[in-house]
Number of protein chains: 2
Amino acid sequence: MKLKELKNRLNEKEKGCDFSLHRVSRFIQPSILLFLSKGPSYGYELIEKLKDLGFHEESIDIGAVYRTLRKLEKEGFVKSLWKTSGARRKRVYQITPHGKTLLRAWVKRIKERKLALESFIDFYQGGKL
Amino acid sequence: MKLKELKNRLNEKEKGCDFSLHRVSRFIQPSILLFLSKGPSYGYELIEKLKDLGFHEESIDIGAVYRTLRKLEKEGFVKSLWKTSGARRKRVYQITPHGKTLLRAWVKRIKERKLALESFIDFYQGGKL
DNA sequence: AGACATATATGATTAAAACATATTATTAAA
DNA sequence: TTTAATAATATGTTTTAATCATATATGTCT
């Protein structure tokens, strides 16, 4: 219950401050594909990995992670199997060849976006376009 | 009419291709603030400047630019005046101190985001988190 | 006259994000 | 030993944003 309260407190702050900026949600799909390209994983673990990528806990929408996984599967970019052998049952996902192609497209765009952000910062700091 | 057809054609393609990725729209607000921090400007000119920032014509939603301007004004980040002296009337915008503060916040977040994109790319290319 | 560029704006639909909550099982600690 | 916390997956609702389309007016060029 402590965490949820903290989360709510943080959200209030952001509402008071009028600008919301990019949320992490948009980054969930490519991140999941990236992680799965390194090996099979499952929802809960992927959330942990997102934190490693530098997203703080409060900015990750857990529900969005699971929804994204199901959507990716529906579209053939990943596939899943229930794993019931361990202590807990978990739905383990694997990336498909189709998914790898999608990831490559993401990487291309992310590189472009990185350049755009760089030129934004340069321009802010007095550079020219 | 030619441009509109081209635009529609491109949109069809993106629909067929299932992933939509980040749209430019989210970048409109900070870009406008950035441009206005360099001096007064108006909608149509800001759209031209967006193209200079590296966005291709088809990905800019003209309507969104004007809507963003009105919203920014409503919230006190910019202010506008009709300029009727030239050949055409135009609504010229200026950034406010409040707007400059918002821009600084954007820059901070954009720097963070840039780092996130870099670590994404590194990791894709075999790096560690 | 007709096409194209300049200039601003809004209406409607669709998609996504944000927020909240539900459920079940397991382990740790009071 | 029952409470609290963590592991694990999932969905319902509401709010916000994006997409697409269209309206309008004036000026310039051929």
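All figures in this text were calculated on a predicted structure; none of them were measured in a lab. A note on names: the letters A, B, ... follow the listed sequences, proteins ahead of strands, and every chain is numbered from 1. Quick note: numbers below take in every heavy atom, side chains included, and nothing from hydrogens, waters or symmetry partners.
The phosphate of C:dA7 has OP1 or OP2 within less than 4.0 Å of a side-chain N or O from B:Tyr42.
Comparing C:dT8, D:dA8, D:dA17 by their nearest atom to the side chain of B:Lys71 picks out D:dA17. Side-chain proximity of A:Arg26 to C:dT26, D:dA18, C:dA5: nearest is D:dA18.
Only one option out of B:Leu69, B:Ile95, B:Ile47, B:Leu50 pairs with B:Ile32 in a side chain to side chain contact (heavy atoms under 4.5 Å, CB included); it is B:Leu69.
Side-chain atoms of A:Thr96 come within 3.5 Å of backbone atoms of A:Gly76 as a donor-acceptor pair (strictly under, hydrogens ignored). The main-chain N or O of B:Phe123 is found under 3.5 Å from a side-chain atom of A:Lys38 such that the two form a donor-acceptor pair.
If you take CG on A:Leu33 and CD1 on A:Ile28, they are separated by 12.0 Å, rounding to the nearest 0.5 Å.
Rounded to whole Å, the distance from CD on B:Glu58 to C1' on D:dA18 is 17 Å. Per the geometry, CD belonging to A:Glu57 stands 16 Å off C1' belonging to C:dC19, to the nearest Å. Between the CD atom of B:Glu75 and the C1' atom of D:dT16 there is a distance of 13 Å, given to the nearest Å. The separation between B:Ile28 atom CD1 and D:dT16 atom P is 19 Å, rounded to whole Å. For B:Leu72 and C:dT8, the CG to C1' distance is 16 Å, given to the nearest whole Å. Here D:dT9 presents its C1' atom at 12 Å from CG of A:Leu46, a figure rounded to the nearest Å. Between the OH atom of B:Tyr44 and the P atom of D:dG27 there is a distance of 15 Å, given to the nearest Å. Protein atom CZ of B:Arg88 is 10 Å distant from nucleotide atom P of C:dT8, rounded to whole Å.
B:Tyr93 is listed as a side-chain neighbour of B:Arg70, based on a closest heavy-atom distance under 4.5 Å.
Under a hydrophobic-cluster definition in which Ile, Leu, Val, Met, Phe, Trp and Tyr are linked whenever side-chain heavy atoms come within less than 4.5 Å, directly or via other members, B:Tyr44 and B:Ile62 are assigned to the same cluster.
In plain terms, the two heavy atoms of A:Val92 and A:Tyr42 that are nearest each other are CA-CB, 4.2 Å.
Position along DNA chain C of the nearest nucleotide to B:Glu45 versus A:Ala87 favours B:Glu45 as the more 5'-ward residue.
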Check the interface with nucleotides 10-14 of chain D: list each N/O to N/O pair with the protein under 3.5 Å, or write none.
from   : atom 1 : to      : atom 2 : distance (Å)
D:dA10 : OP1    : A:Arg70 : NH1    : 3.2
D:dA10 : OP1    : A:Arg91 : NE     : 3.1
D:dA10 : OP1    : A:Arg91 : NH2    : 3.2
D:dG12 : N7     : A:Arg67 : NH1    : 3.4
D:dG12 : O6     : A:Arg67 : NH2    : 2.2

